[in-house]
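Below is one structure, written out as structure tokens; comments come after it.
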There are 2 protein chains.
Amino acid sequence: MMTDPLIHLPGYVLRRASIATMKRLNDHLGAFDLRATEASLILLIGSRGGLTQSEAGRILGIKRANMAPLTAKLETRGLLARRQISGRSQELSLTPSGEQLLVDVRALIAQHEAETMARVPQELRAFVMPILLALWGQDDSPA
Amino acid sequence: MMTDPLIHLPGYVLRRASIATMKRLNDHLGAFDLRATEASLILLIGSRGGLTQSEAGRILGIKRANMAPLTAKLETRGLLARRQISGRSQELSLTPSGEQLLVDVRALIAQHEAETMARVPQELRAFVMPILLALWGQDDSPA
DNA sequence: TATTGTTATACTCTATAACTATA
DNA sequence: TATAGTTATAGAGTATAACAATA
């Protein structure tokens, strides 16, 4: 067996944990032909209908320039609607078919999050969110 | 202030934490014109001289096809040497200049890991590694 | 002047397929 | 047959720059 000498580095293990978890999530989301990024936008609009495209980008850490093709793709698929609310801003909302998908995505995510938490020994679970939020910090403005 | 409704999802916060931490690391590594992936390979060879290219890939979760350009680039920069040890395997080692860089990279990583840990409240630090290792799991064979 | 949205573009990392050569 | 290395290629995701239009 090949042991990994980098395994004592928290940043490295954090990255490996994130990659492995994302891989599992994307596998699950494949059933809806969705990527994790797309699902996160659908979840966001689902609980914050009427926000602006750039607001959504700021919250999710996605730049303006990358939000454009993302929303365009979901709009083409009939999941998302864009409505001009001022000369330069547009409001995002889910279409009826987007709302329908939202129900399934929420169930899938709940399942995935439960599986993720289940990997952690029960006596450590209470510390997962505080630790991850601390590691996140709040200094990553997507500018 | 825009609160993020996805903030209660551990998988989402894990991803954001990893992205933020990697961004900080890559900023630091920029001083050596290195990416995190390249630094991880240098660290690996530094503590496991003489392993094979495909062994390194298996440990770091990088596929054979992606290891080739990675080692080629570091070899071109004079940091890494490849030596044929059998007809089909090649052993990786650091050149003298690679060994020299290793010292700096190790110091930089130590600094970065300390900063990362410092973000976590002191009373939770003991749980960081057990939790991250559990979230990682061991089911991500790079094929 | 600052913000919003868009396009174009480039880079990193990852993924598969196909090929050669070797064990 | 399975493994090692390589090449080509494609797809995400992210980054900057530049532009038009608007607040």
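Every chain is numbered from 1 and lettered A, B, ... according to where its sequence line falls, protein lines coming before strand lines.
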Taking D/dG5, D/dA23, D/dT16 as options, the one with an atom nearest any side-chain atom of B/Thr52 is D/dG5
Q | Pair A/Arg88-A/Thr52, side-chain donor/acceptor within less than 3.5 Å | A | no
Quiz prompt | Side-chain touch A/Leu79/A/Leu94, heavy atoms, less than 4.5 angstrom | solution = no
Of the candidates D/dT7, C/dG5, C/dA15, the side chain of B/Asn66 sits closest to C/dA15
### Query
Are A/Ser89 and C/dT4 close enough that a side-chain N or O sits under 4.0 Å from OP1 or OP2?
no
(Q) Does A/Ala65 reach a base, just sugar-phosphate, or nothing at all? Heavy atoms under 4.0 Å. (A) base
Self-check item: Side-chain N or O of B/Gln90 closer than 4.0 Å to phosphate OP1/OP2 of D/dT6
Solution: yes
Taken to the nearest whole Å, CD1/B/Ile62 to P/D/dT6 is 14 Å
Regarding the side chain of B/Arg64, the nearest nucleotide among C/dT7, D/dA4, D/dT16 is D/dA4
| query | Is the B/Phe127 ring parallel, tilted or perpendicular to the A/Phe127 ring (thresholds 30°, 60°)? | reply | parallel
From CG of A/Leu70 across to P of D/dA15 the rounded distance in Å is 14 Å
Rounded to whole Å, CD of A/Glu75 lies from P of C/dT6 at a distance of 9 Å
From CG of A/Leu51 across to P of C/dG5 the rounded distance in Å is 11 Å
OP1 or OP2 of C/dG5 versus the side-chain N and O atoms of A/Gln84: is any pair under 4.0 Å?
no
message: Is there a side-chain contact between B/Thr37 and the phosphate of C/dC13, meaning an N or O under 4.0 Å from OP1 or OP2?
response: yes
Side-chain contact check for A/Arg35: nearest option of D/dT14, D/dG5, D/dA12 is D/dA12
Closest heavy-atom pair, A/Val13 versus A/Ile7, reported as atoms and distance to 0.1 Å, is CG2-O, 3.2 Å
Separation between CG (A/Leu60) and CG (A/Leu70), nearest 0.5 Å, reads 8.5 Å
Rounded to whole Å, the CG-P distance (A/Asn26 to C/dT14) equals 13 Å
Closest to the side chain of A/Arg58, out of C/dA15, C/dT4, D/dA23, is C/dT4
Of the candidates C/dT16, D/dT14, C/dT7, the side chain of B/Ile19 sits closest to D/dT14
Among C/dA15, D/dT6, C/dT4, the one nearest any side-chain atom of A/Lys23 is C/dA15
On DNA chain C, more 5' by nearest nucleotide between A/Arg15 and A/Pro69 is A/Pro69
Using only modelled atom types and a 3.5 angstrom limit, is any donor from either the side chain of B/Arg88 or the base of D/dG5 paired with an acceptor on the other? no
Here the distance between atom P of C/dT3 and atom CD of A/Glu55, to the nearest Å, is 13 Å
Rounded to whole Å, CG of A/Leu80 lies from P of C/dG5 at a distance of 12 Å
task = Using a heavy-atom cut-off of under 4.0 Å over every strand shown, decide if A/Arg82 touches base, sugar-phosphate, or nothing.
result = sugar-phosphate
> Salt bridge between A/Glu115 and A/Arg24, side-chain N to carboxylate O under 4.0 Å?
Replying inline: no
* Asked: Would you say a side-chain N or O of A/Ser54 is under 4.0 Å from OP1 or OP2 of C/dT4?
  -> yes
Rounded to whole Å, CD of B/Glu91 lies from P of D/dG5 at a distance of 11 Å
